[in-house]
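The shown structure was predicted, so the numbers you read here are calculated from the model rather than taken from an experiment.
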Amino acid sequence: MTRGQLRVFLGAAPGVGKTYAMLEEGRRLRDEGSDVVIALVETHGRAGTAAVAEGLETVPRAVLRHRGLELQEMDLPAVLARAPEYALVDELAHTNVPGLQHEKRWQDVQALLDAGINVLSTVNIQHIDSLNDVIEQITGTLQAETVPDAVLRGAEQVELVDLTPQSLRGRLADGVIYPAERVDAALSNYFRLGNLTALRELALLWLADEVDSALNRYREEHGISSKWEARERVVVALTGGPEGRTLLRRGARIAARSAGGKLLAVHVSGADGLRGPEPAELAAQRLLVEKLGGSFHQVVGNDVPRALVDFARSVNATQLVVGVSRRPRIAALLSGPGIGATVIRESGDIDVHMVSHSAAARTLVLPHFGSALSVRRRLLGFAFALVGGPLLTAGLVTARSSETITGDVLSYQLLVILVALVGGIWPALFAALLSGLTLDFFFIQPLYTVTVATPSHMLALGLYVVNAMLVSYVVDAAARRARTARRSASESELLASVAGSVLRGEDALGALVSRTREAFNVSAARIRSEGEDLYADGDWPASVSPDDPALTRLPVGERCFLDLWGRELAASDRRLLAVITAQMEAALEHRELTETARGLGSLAAADKVRTALLAAVGHDLRRPLTAATAAVTGLRATDVTWSEQDRSELLATAEESLASLSGLVTSLLDVSRLQAGVVGVSLEPLNVVDAVLPALEELELGPADVELEIPTVPRVVLADPVLLQRVLVNLLANAVRFSPDGVKCVLSVSEFAGRVEIRVIDSGPGVPEQRRGEIFVPFQRLGDIDNSTGLGLGLALAKGFTEGMGGTLETEDTPGGGLTMVLSLSAARHRVPAGGQHSPAVAG
């Protein structure tokens, strides 16, 4: 059987027209002769959507009962039995009612596809699984219903149904999307202009990336290696030199000239690990790439030009930015064309930009012959040449003959190699020249002069000196590379140690400072900013002079310094320190951004509370205010004669509405005080019974409603009497509300380990474990179908009041089903006998 094909209509937000577009496509397919049925479509009361669905065959839905409610879901067995050519299935991310074959609707769709049925479905961008955390940051809401990315990526077609945020808000305001009573809250929360713009951008980018992936798959399947300029991809080649920043900014400007341009930076490191850049500079350039919105890549290859071109082709690059060579011109003449010239020759259809910079070589400069060895080693090499040369000469002169000249030359050659191994190139060159003169003076006729009788001997002597110099250079180069390898290994070990400390959960800045002190064997290290220590490690003296040679100070960013005290550091140590300071700068920047985000988070939370308060005032206060106003207006009317019974009913309505209004306003004020942290708490020893009984009286609950399990020995808590009563009222009201008819809720009191626990137990539907945190959020009413039951502040206030008294409010499962609220408070240091009179006693 051929598997069916999936076509998904993707939208940025509810109301953009996904379902309408799906139904129109269904009608078009039907008019073309295809067998099309509606497996499930949610019109949400929208007349336009319902109208376009008319005329299409609809498979009746399955009716199920769940928690006392009658719910309708797609009847999967019926759709499979009907076996249409096309099935229209709305809301791909929907979670099915427990009891059906599959938990998620997308799993039902997979079953339809496996049966050979083509499916048209809809989904919003916020329901894509990989974007869940991003959506939460944008909207402040964690989506419980998601679709795995693999399901959408497996669709034969994903079509974006797009609508501008302004048009979508206009449709919402006109009542096209939601009923009138939900419009104000939606405009103030989810449907804010910024939210919709960000969601639209996410939808466009996600679809663009999918198209890009499909294009790459097509190129791979068809073996296409030439560039396709679907969008500009600019690759910047970094060597780790100072010119890298110039190249990156130039590449960013090139990428920005085209819509959707992408910046990629690549550094090619040698396979032997010895041809390395300046680590500090490369680290700084990596940070710059991220700031410019690009991505950093590192590849390994001995043939740098080939590696660059291969990487550029692998990412379908259209532009390659390379810097002008920093090599001196004499070196370029000796070693042939540089990397840039080779890249241009092999780039093919990729455009190459050769960018000049201040570090480019402009004059003839002789190659620099440095030494990889310390001064002590070089002095030791000169001493070895001065001592070993005469000793070797004395021994060879003793055994001199006309047949030993070859052995004499090789002996001096060996001396040069040994000197090179000990002291490097300069002592070896000195030994080569000295041994050449010695050979001429003691072993070549005429003896004891610096003249040469036979021209061939002069040529041989010259070749010997050249060979000795080349051997000494090779030996010195090998020593240089060995030292570089050892240094690289040490640096890698240090950086790995620092990175490991951070990954193990240690504070990034603290780990960097501590590991730096240990690695460089100094007595103390610290990060200072404006004369204040941000982090210090080790034993610092009472006062340190800035001129103290044992103090090393390096800048970290613009405002901070890294101080190391204990010994004077070598230049090679400072090179590695430059890498670490770059990491410290990144850690400081991350800390500042985190602190800023915390501040913005509190502001966003406060804004969210204010928005919710306004929405609550506009909706939940309208009903009692309208009822009270109507009742009072009716009583004051002079053209109507009311009977005594009517007057009493109107007065009762006004009284009830005003009391409800007063309670709502009080709750709003309480939650505002909680948000502002200004709730006044007066703790005192209190018998639990003295708070339970008033709460029961306020709710007019009796033995038929609540079963009390209170020990005969009074349990005394340290609490605020008024706040504890408010907490118990909210918990009991919630328990009674959700308990089934005829089933009592239970209030029990127990004491353990210095804590008194009050449990309010109901046998209702309960709350899923993953959603229990939401019940303590203001303006949340889990399980409610209407908004006529209050603001959803009860449990939020209860938790806030409890924490204000130093207690905790948590949830547990009720055995057999239901929810148990556990209120835990500190046991008081006094026993209070029944009746409320205090008497000193020890808690226990």
Can you measure from [atom1] ([X]) to [atom2] ([Y]) and round to the nearest 0.5 angstrom?
X      : Y      : atom1 : atom2 : result
Tyr535 : Leu562 : OH    : CG    : 13.0 Å
Leu238 : His267 : CG    : NE2   : 8.5 Å
Ile125 : Leu160 : CD1   : CG    : 8.5 Å
Leu263 : Arg233 : CG    : CZ    : 12.5 Å
His353 : Leu247 : NE2   : CG    : 11.5 Å
Asp162 : Leu207 : CG    : CG    : 10.0 Å

Report task. Show your working on side chain to side chain contact (heavy atoms under 4.5 Å, CB included) between Ile128 and Val147 and close with a plain yes or no. Result -> CA-CA 5 Å; Ile128 297 180; Val147 177; 5.9 Å; no
Do [X] and [Y] come within less than 4.5 Å of each other through their side chains, counting heavy atoms only?
X      : Y      : value
Ile527 : Asp533 : no
Val321 : Val234 : yes
Arg345 : Thr342 : yes
Gln126 : Leu131 : no
Trp206 : Leu10  : yes
Pro427 : Val422 : no
Val513 : Met584 : yes

Query raised in the report: Please walk me through it: do Glu290 and Phe296 pass side chain to side chain contact (heavy atoms under 4.5 Å, CB included)?
Result: CA-CA 8 Å; Glu290 296 173 357; Phe296 180 88; 5.9 Å; no
**Report entry** Passing candidate, side-chain contact (heavy atoms from CB on, under 4.5 Å) with Val235, options Leu308, Leu320, Val309, Thr318
**Finding:**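 The single option meeting the side-chain contact (heavy atoms from CB on, under 4.5 Å) with Val235 is Leu320.
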Please name the pair of heavy atoms, one in [X] and one in [Y], separated by the smallest distance, quoted to 0.1 Å.
X      : Y      : answer
Ala12  : Leu199 : O-CB, 3.6 Å
Ala431 : Ala385 : CB-CB, 3.9 Å
Ile350 : Ala312 : CD1-CB, 3.8 Å
Val324 : Met354 : CA-CE, 4.2 Å
Ala265 : Leu248 : CB-CD2, 3.8 Å
Leu196 : Pro165 : CB-CB, 3.7 Å

Query raised in the report: Honestly, is Arg553 close enough over Phe561, meaning NZ or CZ under 6.0 Å from the six-membered ring centre and within 45° of the axis?
Result: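 Yes, cation above the ring, under 6.0 Å and within 45°.
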Query raised in the report: Are Arg378 and Trp426 in a cation-pi contact, defined as NZ or CZ under 6.0 Å from the six-membered ring centre and within 45° of the axis?
Result: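 No.
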Requested in this report: Evaluate the criterion side chain to side chain contact (heavy atoms under 4.5 Å, CB included) for residue pair Arg528 and Leu534; output intermediate values, then yes/no.
Outcome: CA-CA 6 Å; Arg528 291 178 65 79; Leu534 298 181; over 6 Å; no
Query - Asp351 (side chain) donor-acceptor with Gln319 (main chain) under 3.5 angstrom - result: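 No: the side chain of Asp351 does not pair with the backbone of Gln319.
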Query raised in the report: Just wondering, are more than 12 heavy atoms of other shown residues or ligands nearer than 6.0 Å to CZ in Arg526?
Result: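 It does: Arg526 CZ has more than 12 such atoms within range.
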**Report entry** Stepwise side chain to side chain contact (heavy atoms under 4.5 Å, CB included) check, Gln285 with Leu282
**Finding:** CA-CA 5 Å; Gln285 291 172 17; Leu282 192 61; 4.2 Å; yes
